[in-house]
J.: 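The structure's right below; bear with me while I get my questions together.
Order of the sequence lines fixes the chain letters, A, B, ..., with proteins taken first and strands second; residue numbering starts at 1 for each chain. When reading the values below, keep in mind they use all heavy atoms of this one structure, side chains included, and skip hydrogens, waters and symmetry mates.
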Amino acid sequence: LVAWNVMISGCVHAGQDELAFCLYCEALQEGCAPSHVTFVSMLKACSGGGAPLEGMLIHCDVIESGLQGLVMVGNSLIEMYAKCNRLEDAAHIFSKLSKHNIVTWNARIAGHAHQGYAGEAFGDFQRMLLLCVEPNSITFISILIAFSGPGSLFHGKVIHCYIVEILDNCDMPIVNALIDMYVNSGSFELALQVFNQMSKRDIITWNAMIGGCAKFDRHEKALQLFEQMQCSGLEPD
RNA sequence: CCCCUUUCCC
């Protein structure tokens with residue numbers, strides 16, 4: 001079983017979703033009982049390709065296996081339905097899951113955020129805080145995605161302040177998400193301000209900021225940053 | 001083998 005899981009998760013990581021399906025079917029035909037690891041990988045394969053029908057088939061197998069109560073499996077089901085644009089089904093899984101951990105909340109917040117339901121995402125965020133679930137980096141990134149759009153600059157700033165207030169040092173992915181939020185919310189100046197204040201930058205930081213320059217027609221600034229990036233020793237990708 | 005996340009592509 002572990003051998004099957006290694007191959008299946010390997011395919012999913014490599015983006016070979018259909019191959020993962022073939023292997024999954026073969027494993028079943030050989031009488032192998034899938035484990036929660038198998039399901040997590042297979043549900044990810046369905047999310048990646050936006051394959052709700054396959055996802056539902058896997059969901060049926062999950063129920064048959066009796067593993068549907070495991071929080072990891074539930075989280076993967078929520079993610080799969082959210083990525084297949086089926087937020088109602090994701091919500092249904094969420095409500096039936098007795099144990100919600102930080103990943104469960106993050107999956108829901110990210111699901112709402114990516115589909116433009118900023119209010120829902122923020123509501124989830126507030127509810128998890130009320131339940132005293134500690135937000136982590138991924139929570140903050142997900143809520144920033146919710147407010148990455150025209151007209152949400154104010155909310156984005158509020159979240160930014162909140163993050164600064166409760167975190168003494170944000171890690172790079174959060175700051176990268178902040179830059180992206182400001183770019184998409186229409187404030188090039190604030191994005192640049194955050195960028196300039198960073199002590200460390202990775203390739204995503206540079207890409208986000210250079211892409212931001214392009215969106216605001218600041219081509220000379222984009223070129224300048226591009227050169228600066230290479231001076232800092234990073235290769236463009 | 002082990003669930004959620006940020007740039008770009010789609």
J.: Can you confirm whether or not the ring centre of A:Phe122 sits under 6.0 Å from the ring centre of A:His112?
T.: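 No, they do not, as the ring centres are separated by 6.0 Å or more.
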
J.: Could you tell me if A:Asn106 and A:Ser142 have a donor-acceptor pair between their side chains, going purely by distance under 3.5 Å?
T.: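 No donor-acceptor contact under 3.5 Å links the two side chains.
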
J.: Does the side chain of A:Lys83 get closer than 4.0 angstrom to OP1 or OP2 of B:C4 through an N or O atom?
T.: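 So the side chain of A:Lys83 is outside the cut-off, no N or O lying under 4.0 Å from OP1 or OP2 of B:C4.
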
J.: Classify the side-chain pair A:Asp180/A:Ser148 by whether it contains a donor and acceptor separated by less than 3.5 Å.
T.: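 A:Ser148 and A:Asp180 do not have a side-chain donor-acceptor pair below 3.5 Å.
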
J.: For RNA chain B, determine which residues of residues 33-40 of chain A have any heavy atom closer than 4.0 angstrom to one of its atoms, and list them numerically.
T.: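 The stretch gives A:His36, A:Val37, A:Val40 as the residues lying under 4.0 Å from the strand, ordered by number.
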
J.: According to salt bridge (charged side-chain N to carboxylate O under 4.0 Å, His left out), who are the partners of A:Asp17, at least two apart in sequence or on a separate chain?
T.: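 Salt bridge (charged side-chain N to carboxylate O under 4.0 Å, His left out) check on A:Asp17 returns nothing, list empty.
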
J.: Using a 4.0 Å cut-off on heavy atoms, which residues in residues 72-80 of chain A reach RNA chain B? List them by number, or say none.
T.: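 By residue number: A:Met72, A:Asn75, A:Ser76, A:Glu79.
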
J.: Determine whether a donor-acceptor pair (N or O, by modelled atom type, separation under 3.5 Å) exists between the side chain of A:Ser152 and the backbone of A:His155.
T.: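 Answer holds: no.
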
J.: Whether the side chain of A:Gln68 engages the backbone of A:Cys60 through a donor-acceptor N/O pair (distance < 3.5 Å, no angle test) should be reported.
T.: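 Absent.
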
J.: Membership question, hydrophobic clusters at under 4.5 Å side-chain separation (ILVMFWY): are A:Met181 and A:Phe216 in the same one?
T.: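 Yes, one cluster joins them.
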
J.: Using a 4.0 Å heavy-atom cut-off across all strands, classify A:Ser137 as base, sugar-phosphate, or nothing.
T.: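 Nothing, no nucleic acid heavy atom in range.
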
J.: One pair to check against ring pair (Phe, Tyr, Trp, His ring centres under 6.0 Å): A:Phe195 and A:Trp206. What are the steps and the verdict?
T.: CA-CA 9 Å; A:Phe195 179 85; A:Trp206 289 101; 5.1 Å; yes

J.: Calculate the interatomic distance between A:Gln16 atom CD and B:C1 atom C1'; express it in whole Å.
T.: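 Result: 18 Å.
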
J.: Polar-atom pairs under 3.5 Å, protein N or O versus N or O of nucleotides 6-10 of chain B: list them with distances, or write none.
T.:
{"unit_1": "B:U6", "atom_1": "OP1", "unit_2": "A:His114", "atom_2": "NE2", "d": "3.4"}
{"unit_1": "B:U6", "atom_1": "O2", "unit_2": "A:Pro173", "atom_2": "O", "d": "3.4"}
{"unit_1": "B:U6", "atom_1": "O2", "unit_2": "A:Asn176", "atom_2": "ND2", "d": "3.3"}
{"unit_1": "B:U7", "atom_1": "OP1", "unit_2": "A:Asp180", "atom_2": "OD2", "d": "3.2"}
{"unit_1": "B:U7", "atom_1": "O2'", "unit_2": "A:Asn207", "atom_2": "O", "d": "3.3"}
{"unit_1": "B:U7", "atom_1": "O2'", "unit_2": "A:Ala208", "atom_2": "N", "d": "3.3"}
{"unit_1": "B:U7", "atom_1": "O2", "unit_2": "A:Asn207", "atom_2": "ND2", "d": "2.8"}
{"unit_1": "B:C8", "atom_1": "OP1", "unit_2": "A:Lys215", "atom_2": "NZ", "d": "3.4"}

J.: For residues A:Asn5 and A:Ser35, is any side-chain donor paired with an opposing acceptor at under 3.5 Å?
T.: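 The criterion, which ignores hydrogens and geometry beyond distance, is satisfied for A:Ser35 and A:Asn5.
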
J.: Does A:His59 have any ring-ring contact (aromatic ring centres under 6.0 Å, His included) partners at least two apart in sequence or in another chain, and if so, which?
T.: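 Only A:Tyr81 meet the ring-ring contact (aromatic ring centres under 6.0 Å, His included) criterion with A:His59.
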
J.: Indicate, with yes or no, if A:Val2 and A:Met42 share a hydrophobic cluster defined by side-chain heavy-atom contacts under 4.5 Å among Ile, Leu, Val, Met, Phe, Trp and Tyr.
T.: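 They do not share one cluster, since no chain of ILVMFWY contacts under 4.5 Å joins A:Met42 to A:Val2.
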
J.: Whole angstroms only, please: what is the CG-C1' distance between A:Leu1 and B:C2?
T.: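 Those two atoms, CG and C1', are 12 Å apart.
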
J.: Would you call A:Glu189 and A:Lys221 a salt bridge, taking side-chain N to carboxylate O under 4.0 Å as the test?
T.: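 A salt bridge is absent here (no side-chain N lies under 4.0 Å from a carboxylate O).
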
J.: Could you tell me which non-hydrogen atom of A:Ala27 sits nearest to which non-hydrogen atom of A:Trp4, and how far apart they are?
T.: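 Reported closest heavy-atom pair: CB-CD2, 3.6 Å.
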
J.: List in numerical order all residues of residues 84-109 of chain A for which some heavy atom is under 4.0 Å away from an atom belonging to RNA chain B.
T.: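 Within this stretch, A:Val103, A:Asn106, A:Ala107 sit under 4.0 Å of the strand.
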
